[in-house]
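Notes for the one structure printed next.
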Amino acid sequence: METVRDALRVGGTGRRTTVCGWVRTFRSGKNVAFASINDGSCHDSLQAVFELGLFDPGDFEGLCTGACVRLTGVLTDSQGREQDRELRAEELELLGPSDSDYPLQKKKHSNEFLRTVPHLRTRSATFTAVFRMRHHLATAIHDFFRDRGFFYVHPPLITSSDCEGAGETFQVTTLPLSSVPLRESGEVDYASDFFRRKAYMTVSAQLEAEPLALALGRVYTFGPTFRADHSDTRLHAAEFWMIEPEMAFFDLEDDMKLMEDCVRFIASRLEELCHAEIAFLSETVEPALASRYDAMLRKKFSRITYSGAMELLGSAQDGFERKVTWGDDLGTEHERYLCETAFDGPVFVTDYPATLKPFYHRLSDDGRTVACADLLAPQVGEIIGGSQREERLEVLAGRMAGAGIDPETYRWYLELRRWGTAPHSGFGLGFERMLMYLSGMSNIRDVLPFPRTYGSMV
RNA sequence: UCCCCGGUAGCUCAAUUGGCAGAGCGGGUGGCUGUUAACCACUAGGUUCGAGGUUCGAGUCCUCGCCGGGGAGCCA
């Protein structure tokens with residue numbers, strides 16, 4: 001047995017082989033019938049040709065769109081124009097019949113409809129393409145970091161820290177919800193909870209990555225992240241994946257170079273490995289997809305400071321719903337203006353006001369901005385957020401106090417600065433956002449196999 | 001959480017001012033064909049999301065609810 005991919009690409013024609021796969025379309029005539037067989041191994045399907053004289057009419061019962069078959073036959077050069085080779089079938093085994101109720105018919109379905117059948121949409125041309133790209137993106141990321149001496153580390157998914165400012169947390173508990181134990185004060189008595197304290201699903205692995213970076217040097221995490229924000233948009237999921245590298249001895253400039261190298265590397269890897277998928281998605285989903293790869297591979301990423309962006313937005317501000325001045329956070333309309341109109345491609349926005357960023361971003365010499373960089377991309381918004389971390393104990397303690405954070409909660413984090421502190425930097429790359437940008441899919445629900453979003457878990 | 005749009009056949013959608021519920025694809029039947037989301041003919045297929053209301057009459061207007069989509073905020 002071999003995959004459709006190998007049957008189409010490996011060796012020459014004339015050999016006898018067996019393939020298994022699902023029927024995309026079936027066409028029957030008087031003397032000959034055709035079935036397109038796709039097994040997910042590649043974008044293209046294998047056309048099977050049935051000389052009807054070799055089969056009983058009953059053999060084709062249930063052999064319609066959606067059926068699963070095992071076919072044995074001889075690979076031959078195709079007489080048709082749309083494929084180079086095809087399988088002249090000699091033996092047909094119907095592993096799993098289908099019928100007209102099969103939800104995926106041989107037509108274009110809306111992504112909204114396909115979301116109602118997540119267990120079947122995986123077989124569609126679009127979603128097999130997206131999930132192959134998802135795999136290649138993940139392996140490209142591992143290759144990128146491994147080749148640069150990074151260690152892949154595994155911080156916990158259940159954590160006691162809510163990573164200040166990163167988003168709402170899902171609480172983890174084994175307390176009985178119908179009769180939660182209370183203390184005399186009326187507060188929940190976590191002493192009898194599983195961990196004997198309050199616990200959450202992680203919203204970011206960054207804080208826990210720092211002790212590993214300040215020991216192993218260059219590390220990265222790649223795992224799921226959980227956010228309970230009530231944000232119901234095409235860009236947000238409650239469970240998504242993030243890549244969070246953390247590097248000792250990197251300043252912001254080193255950090256940004258790594259971000260840019262990383263994005264270029266994975267884009268070039270996908271362009272190399274996913275020709276057919278990119279071509280298909282350009283045709284059916286996002287005509288601008290090819291130009292996105294150009295923007296990532298052949299142009300240096302633009303850079304602008306937050307202050308510079310404010311000046312730029314000020315001079316173009318008439319068209320905005322909300323006007324912004326220095327100290328305000330950028331709204332979606334402003335971010336879109338920067339990457340879609342002003343720079344027309346991925347752009348770094350750096351050096352935000354300290355008041356807009358978490359306490360652990362390194363305070364710059366001007367005393368009012370921090371050493372950080374967000375990478376904004378057209379259509380998908382922020383795909384990377386990174387910073388140099390505050391390594392000075394007194395400055396960090398002061399910023400925590402300013403933010404009203406109990407130092408005892410982050411005692412271990414402060415101790416990293418107390419003994420053997422080192423300049424270090426890192427960033428968080430949104431895996432699904434990146435995949436959206438590289439695949440052209442405009443809704444995060446369509447790059448996750450089983451998306452979990454606010455109010456919905458199909 | 002807020003704002004906007006939508007829900008009609010299995011799927012994608014149409015239905016003029018409130019006046020007979022429609023098409024394509026898919027299904028069935030027949031025909032034709034080395035076909036390409038095949039093609040041609042015929043045919044079946046409906047609680048118009050749900051509950052109320054207005055009206056002689058509601059897919060269409062009003063109220064509430066449910067579901068979906070887009071946007072805002074927050075973020076990746």
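Just so it is clear, the values below take in all heavy atoms, side chains as well, and ignore hydrogens, waters and symmetry mates. Note on naming: letters A, B, ... go to the chains in the order of the sequence lines (proteins, then strands), and numbering restarts at 1 for each one.
Residue contacts shown for Ala237(A) include a base, since a base heavy atom lies under 4.0 Å away. Within 4.0 Å of His109(A), counting heavy atoms only, lie sugar-phosphate atoms of the nucleic acid but no base atom. Backbone-only contact: Phe113(A) has heavy atoms under 4.0 Å from sugar-phosphate atoms and none from a base. Within the 4.0 angstrom heavy-atom criterion, no nucleotide atom of any strand lies near Leu429(A). Residue contacts shown for Thr25(A) are limited to sugar-phosphate atoms, with no base heavy atom under 4.0 Å away. Here Arg227(A) lies in heavy-atom contact (under 4.0 Å) with a base. Residue-level contact check: Asp329(A) touches the backbone only, with heavy atoms under 4.0 Å from sugar-phosphate atoms and none from bases. Counting non-hydrogen atoms under 4.0 angstrom, Glu432(A) reaches nothing in the nucleic acid. Residue Gln47(A) is classed as a base contact, given a heavy-atom separation below 4.0 Å to a base. At the heavy-atom level, Glu86(A) lies under 4.0 Å from base atoms of the strands shown. Nucleic acid contact for Leu104(A): none, since no nucleic acid atom lies under 4.0 Å from a heavy atom of the residue. Among the heavy atoms of the strands, none lies under 4.0 Å from Thr225(A). Backbone-only engagement by Gly331(A) is indicated by non-hydrogen atom pairs under 4.0 Å involving sugar-phosphate atoms exclusively. Contact annotation for Gly385(A): no contact, since no heavy-atom pair falls under 4.0 Å across all strands.
Ring-plane geometry between Phe265(A) and Phe144(A) is classed as tilted, the angle between the planes lying from 30 to 60 degrees on a 0 to 90 degree scale.
Between G73(B) and Thr332(A), a contact under 4.0 Å exists linking OP1 or OP2 to a side-chain N or O. Here Lys106(A) does not reach the OP1 or OP2 of U36(B): none of its side-chain N or O atoms lies under 4.0 Å away. Within the 4.0 Å cut-off from OP1 or OP2 of U12(B), at least one side-chain nitrogen or oxygen of Ser110(A) is found. Dashed line: the shortest gap from a side-chain N or O of Arg27(A) to OP1 or OP2 of U36(B) is not under 4.0 Å. Dashed line: the shortest gap from a side-chain N or O of Tyr454(A) to OP1 or OP2 of U1(B) is under 4.0 Å. Contact annotation: Arg445(A) reaches the phosphate of G70(B) (side-chain N/O to OP1 or OP2, under 4.0 Å). In terms of phosphate contacts, Asn443(A) brings a side-chain nitrogen or oxygen within less than 4.0 Å of OP1 or OP2 of G70(B). Remark: Arg81(A) is not in phosphate contact with U35(B), judged by side-chain N or O atoms under 4.0 Å from OP1 or OP2.
Comparing C32(B) with C40(B), their C1' atoms are spaced 8 Å from each other, to the whole Å. Rounded to a whole angstrom, the distance from the C1' atom of A21(B) to that of U36(B) is 35 Å. The P atoms of C13(B) and G7(B) are separated by 10 Å, rounded to the nearest whole Å.
Minimum interatomic distance between Phe113(A) and Pro103(A) (heavy atoms only, all atoms of both residues): CE2-O, 3.8 Å.
Figure legend. C25(B) is base-paired to G10(B); pairs are counted as Watson-Crick or G-U wobble with both atom distances under 3.5 Å. The base-pairing partner of C75(B), taking Watson-Crick or G-U wobble contacts with both distances under 3.5 Å, does not exist among the strands shown. Of all nucleotides present, none satisfies the Watson-Crick or G-U wobble test against U47(B) with each distance under 3.5 Å. Using Watson-Crick or G-U wobble geometry with both donor-acceptor distances under 3.5 Å, G68(B) finds its partner in C5(B).
Of the candidate nucleotides C32(B), G71(B), G34(B), G34(B) has the atom nearest to the side chain of Arg88(A). Nearest nucleotide to the Arg115(A) side chain, out of G73(B), G70(B), G69(B): G69(B).
A salt bridge links Asp232(A) to Arg445(A): at least one charged side-chain nitrogen sits closer than 4.0 Å to a carboxylate oxygen. A salt bridge is defined here as a Lys NZ or Arg NE, NH1 or NH2 lying under 4.0 Å from an Asp or Glu carboxylate O, and Asp374(A) with Lys357(A) meets this definition. Salt bridge annotation for Asp251(A)-Arg362(A): absent, with no cationic side-chain nitrogen under 4.0 angstrom from a carboxylate oxygen.
You'll find the side chain of Val153(A) stays beyond 4.5 Å of the side chain of Glu246(A), heavy atoms only.
Between His424(A) and the choices Arg389(A), Glu210(A), Gln388(A), the side chain to side chain donor-acceptor pair (under 3.5 Å) rule is met once, by Glu210(A).
Along RNA chain B, the nucleotide closest to Tyr102(A) and the one closest to Ser78(A) are compared, and the more 5′ of them pairs with Tyr102(A). With the nearest nucleotide of RNA chain B identified for both Thr76(A) and Leu356(A), Thr76(A) has the one nearer the 5' end.
The base of G34(B) lies close enough to the side chain of Gln79(A) for a donor and an acceptor atom to sit less than 3.5 Å apart. No donor-acceptor contact under 3.5 Å links the side chain of Glu51(A) to the base of G34(B). A donor N or O paired with an acceptor N or O is found under 3.5 Å between the base of C75(B) and the side-chain atoms of His236(A).
Under the 6.0 Å cut-off for aromatic ring centres, Phe145(A) and Tyr152(A) do not qualify, their centroids lying 6.0 Å or more apart.
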